[in-house]
Amino acid sequence: MSLVWLAAAVLVALSAWAAVVDARTRRIPNACCAGVAACGVCLQLARLATGAIPPLGKPLMAFVVACAVLLAGFAAEMLYRRVAGRAGLGLGDVKLAAAWAVSLGWLVVPAFAVACLLGAVWALATRQRTFALGPWLSAAFAGALLISCLVS
């Protein structure tokens with residue numbers, strides 16, 4: 001079980017890096033997203049090795065969810081840009097969500113919704129028209145990861 005917690009700790013550290021960079025620059029580095037996805041693969045392999053999840057069940061589903069999140073997020077952002085004429089959700093946020101989906105599977109969807117809601121409430125409370133979503137995504141995904149590690 002220590003392999004799972006080690007992979008989870010590295011995942012949270014990489015996500016914290018994404019949160020800090022996004023809060024400062026409004027950009028999430030591709031290297032961070034790639035690291036989160038790679039660490040997610042390691043986490044799934046550690047879960048398989050320790051028997052924390054059924055073989056080929058959740059890891060395969062997580063990969064499918066990650067691809068779906070990436071495609072849906074990209075399509076939604078491109079549609080928004082075409083209609084509104086400006087960027088809405090950044091593509092770095094979409095890539096970070098897809099990278100986290102490798103670890104979380106379907107749990108990435110409610111975590112994403114919670115992050116958007118909390119970020120929007122904070123932006124309204126502080127009267128900001130825009131805000132960096134990365135810190136909110138990182139916190140919500142880390143919380144979902146903690147829950148999934150405790151449950152499995």
Side-chain angles (χ1 to χ4, degrees), residues 4-47 53 58-152:
V4 172
W5 286 104
L6 177 63
V10 173
L11 236 159
V12 170
L14 285 169
S15 198
W17 170 40
V20 169
V21 172
D22 192 33
R24 290 181 181 167
T25 66
R26 300 284 175 101
R27 298 186 72 81
I28 297 176
N30 287 337
C32 182
C33 294
V36 168
C39 196
V41 170
C42 292
L43 176 66
Q44 293 293 6
L45 291 174
R47 284 178 166 173
I53 55 172
K58 290 186 181 178
L60 183 58
M61 181 198 64
F63 176 74
V64 170
V65 170
C67 291
V69 166
L70 186 61
L71 290 173
F74 180 76
E77 176 59 16
M78 292 298 106
L79 179 64
Y80 181 83
R81 287 180 184 193
R82 184 152 175 88
V83 170
R86 61 185 168 89
L89 179 68
L91 293 177
D93 298 321
V94 171
K95 289 183 283 189
L96 184 63
W100 265 99
V102 174
S103 299
L104 296 176
W106 67 270
L107 282 176
V108 79
V109 175
F112 188 85
V114 167
C116 290
L117 179 65
L118 292 175
V121 167
W122 179 81
L124 286 172
T126 58
R127 297 195 167 142
Q128 294 183 351
R129 291 183 48 92
T130 64
F131 64 96
L133 188 58
W136 300 100
L137 289 173
S138 295
F141 294 152
L145 179 67
L146 178 63
I147 291 168
S148 74
C149 284
L150 291 175
V151 170
S152 63

Minimal non-hydrogen separation, [X] against [Y], with atom names:
{"X": "P135", "Y": "D22", "answer": "CD-OD2, 3.7 Å"}
{"X": "A37", "Y": "A99", "answer": "N-CB, 3.8 Å"}
{"X": "G105", "Y": "M61", "answer": "CA-CE, 4.4 Å"}

Residues in side-chain contact (heavy atoms from CB on, under 4.5 Å) contact with [X], at least two apart in sequence or another chain:
{"X": "V10", "result": "L14, C39"}
{"X": "A66", "result": "A101, V102"}
{"X": "L117", "result": "V121"}
{"X": "V21", "result": "W17, T25, P29"}

**Q.** From CD1 (I28) to CG (L137), nearest 0.5 Å
**A.**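 Interatomic distance, I28 CD1 to L137 CG, rounded to 0.5 Å: 6.5 Å.
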
Using the side-chain hydrogen bond (donor to acceptor under 3.5 Å, both in side chains) rule, collect all pairs that involve [range], keeping only residues at least two apart or in two chains.
{"range": "residues 65-74", "result": "none"}
{"range": "residues 120-131", "result": "R26-T130"}
{"range": "residues 59-69", "result": "none"}

Q. Which pairs, with at least one residue in residues 62-88 and sequence neighbours excluded, count as a salt bridge (Lys or Arg N to Asp or Glu O under 4.0 Å)?
A.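 Matches after skipping sequence neighbours: E77-R81.
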
Q. Do the side chains of L43 and L145 get nearer than 4.5 Å, heavy atoms only?
A.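 Side chain of L145 against side chain of L43, heavy atoms only: contact under 4.5 Å found.
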
Q) Taking side chain as C-beta onward, heavy atoms only, is W136 less than 4.5 Å from L133? A)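 Answer yes - side chains close enough.
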
(Q) Tell me whether S138 contacts the main-chain N or O of A16 through its side chain, where contact means a donor paired with an acceptor under 3.5 Å. (A)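 Pair absent, no side-chain N/O of S138 close to backbone of A16.
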
Q. Any ring-ring contact (aromatic ring centres under 6.0 Å, His included) pairs touching residues 80-105, not counting sequence neighbours?
A.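 The answer is W100-F141.
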
Q) Does F131 CZ have over 12 foreign heavy atoms under 6.0 Å away? A)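 Yes, the 6.0 Å shell around CZ holds more than 12 heavy atoms from other groups.
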
Can you give the donor-acceptor pairs under 3.5 Å from side chains of residues 87-98 to other protein atoms, not counting sequence neighbours?
from: D93; atom 1: OD2; to: G90; atom 2: N; distance (Å): 3.4
from: K95; atom 1: NZ; to: N30; atom 2: OD1; distance (Å): 2.3

